[in-house]
Amino acid sequence: MKDANFLKAHNARSLWHPMTAPADSQKTPPAIITAAHGTRIRDIDGHEVVDAVGGLWNVNLGYSCQPVKDAIAQQLDALPYYSIFRGTSNDKVIELAEELRAFFEPDGLTRAFFTSGGGDSVETALRLSRQYHKIRGEAGRTKFLSLKKGYHGTHMGGASVNGNANFRTAYEPLLPGCFHIPAPYTYRNPFNESDPAKLAQLCLQALEDEIAFQGAATIAAFIMEPILGAGGVIPPHPSFMPGVAAICRKHGILFIADEVITAFGRTGAWTGSRLWGVKPDFACTAKAITNGYFPFGAVMIAETVAEVFEKDETGKAAIGHGYTYSGHPVGAAAAIACLAETKRLNVPVNAAARGQQLWDGITALKAKYPVIGDVRGGHGLMLALELAGPDKSAPPKTQPGQVQAVAYQSGAMVRVSGPNIILSPPLVITEADATTILSALDAGLAALS
Ligand SMILES: Cc1ncc(COP(=O)(O)O)c(C=O)c1O
């Protein structure tokens, strides 16, 4: 390895970081992470902390998951790559598809289309939705609906259904025919409604209104996260996702659950759709499918949708979509091992218990620090603290970064997104890890006063 001085001096010289300005990376050097084990990461100066970000919502089983590492190593020896485009397949991807079919059976999802990550999965679901309607003779159904505050990656399709201007404005014009509904975000919403159940109903009415305005026969699909993640961890009222699914079904609109974060246990349920009792038409997955050790994803497809493609007699069901790395054997091997380990550890149980501990902890921090305007969570290991000035005004821009920096020095890596401090640790964190995260946050917040 190059020495620490070289690495620090060169970080922003020849590389651009995602999600920040190149000049910012030069001005504010990032933590350079060089090692990790268990739930901890270590930086180039030897400083070791609990990773309350869980990589990027993906390292659910921590950094020492030997079965996944072994599966990757063995697969690299056996078959490091082969495509599954028309005419070829591989043993691992076939096995994985069967495993996923069993895992997602309670969600009504029985087929898999493989991708290289979350953005690819979203793109796939959007495209297959349009094709589904074309096969059925409703070619006019091309539009997409989604939630403001939703995050669906940064591909052109994903950005178009994305509900945050930060990921849109610089790249406009985006895909035509994408429209957004208010999010069930009780802290700030256009209805000025703080009751979650009432707000859910108002957002559902807005959805009905938008469908009536656009014309149901022009809409291909609605996409949402079961719990909005990158938009600031917004758990909807339990009536919301079932309400959206029912409205979609009534109008013949496909319902896509973006489960890139929520699949595989993070919410304390095996999937976000199962948490809310919804059966989507597509579920987008990625991230924790390989514990973040290999870029990989899968779009799970409902039996009813699959039948339309498989029984087509019009010639319109040929899938003109796919990626070089769709069904990558190393990713598939990683996913098989990861799924087995995820089930063996029964991770939703710990996610729920440690989620409750963190939820109680951040609720107590809110009572202590007026700078915390809102805390959100209560469903497993997806939590956020939103900083705000008096009367919910935006906090000074530097404040969340200050909290993060002091929390890092005090033992935990947390993530900043706008005014939000987001917690998404591995699902295998211990009680002591959660206590460390809370004490580090306490130190970070105390430093503001
Ligand atoms: C809900 C959701 N969808 C899609 C994506 C995009 O995934 P990727 O960054 O792997 O393309 C993300 C990434 O955080 C996500 O949280």
Side-chain angles (χ1 to χ4, degrees), residues 17-20 53-60 113-127 129 144 146-164 166-168 171 174-175 178 180 183 185 221-236 241 244 255-267 271-273 275-276 278 280 282-300 323-326 328 331 334-335 338 376 379-384 415-418 420 422-425:
H17 287 266
M19 303 296 180
T20 191
V53 191
L56 207 47
W57 326 78
N58 54 348
V59 184
N60 282 10
F113 188 97
F114 292 103
T115 73
S116 328
D120 285 357
S121 291
V122 168
E123 210 69 16
T124 299
L126 296 175
R127 294 177 63 137
S129 298
F144 298 115
S146 58
L147 294 178
K148 288 187 176 157
K149 293 270 169 196
Y151 184 81
H152 303 289
T154 55
H155 290 12
M156 220 44 155
S160 304
V161 292
N162 216 309
N164 186 327
N166 289 346
F167 309 115
R168 299 171 55 88
Y171 309 101
L174 297 170
L175 209 62
C178 296
H180 297 76
Y185 170 37
F222 181 98
I223 181 167
M224 70 173 275
E225 302 153 271
I227 291 178
L228 283 71
V233 183
I234 301 174
M241 193 164 166
V244 172
F255 183 49
I256 305 169
D258 185 347
E259 298 243 20
V260 167
I261 289 175
T262 51
F264 310 113
R266 180 158 291 281
T267 67
T271 67
S273 297
L275 174 71
W276 303 129
V278 169
F282 292 98
C284 306
T285 77
K287 292 197 187 272
I289 195 167
T290 58
N291 204 30
Y293 294 1
F294 194 90
F296 199 75
V299 178
M300 297 306 301
Y323 308 105
T324 297
Y325 300 115
S326 288
H328 196 298
C338 185
R376 293 184 290 277
H379 301 280
L381 287 168
M382 297 180 72
L383 304 104
R415 181 162 171 232
V416 166
S417 170
N420 300 304
I422 295 182
L423 306 178
S424 54

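One-based numbering, in listed order, for ligands and for the atoms of each. Side chains are part of it too, since the values below use all heavy atoms of this structure and drop only hydrogens, waters and symmetry mates. The chain is numbered in sequence order, starting from 1.
- Side-chain atoms of R168 and N162 form no donor-acceptor pair, as typed in the model, at a separation below 3.5 Å.
- Taking the side chain as every heavy atom from C-beta outward, F255 and M241 approach each other to under 4.5 Å.
- Here the options are K148, M382, K149, the test is side-chain contact (heavy atoms from CB on, under 4.5 Å), and the partner is L228; only K149 passes.
- With rounding to the nearest 0.5 angstrom, the OG atom of S121 is 10.0 Å from the CZ atom of F114.
- The closest approach between a heavy atom of H155 and any atom of ligand 1 is not below 4.0 Å.
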Take H328 and F294 through the ring-ring contact (aromatic ring centres under 6.0 Å, His included) test and state the conclusion after the steps.
CA-CA 10 Å; H328 196 298; F294 194 90; 4.8 Å; yes

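- What sits closest to atom 3 (N) of ligand 1 on the protein, heavy atoms only, is D258 OD2, 2.7 Å.
- Of the protein's heavy atoms, G119 N, 2.7 Å lies nearest to atom 11 (O) of ligand 1.
- Regarding atom 10 (O) of ligand 1, its nearest protein heavy-atom neighbour is G118 N, 2.9 Å.
- Looking only at heavy atoms of the protein, atom 12 (C) of ligand 1 is closest to Y151 CE2, 3.5 Å.
- Not a single N or O atom of E225, backbone or side chain, sits closer than 3.5 Å to an N or O atom of ligand 1.
- Looking at T262 and T267, their side chains never bring a donor and an acceptor atom within 3.5 Å of each other.
- In terms of protein heavy-atom proximity, atom 16 (O) of ligand 1 is closest to I261 CD1, 3.2 Å.
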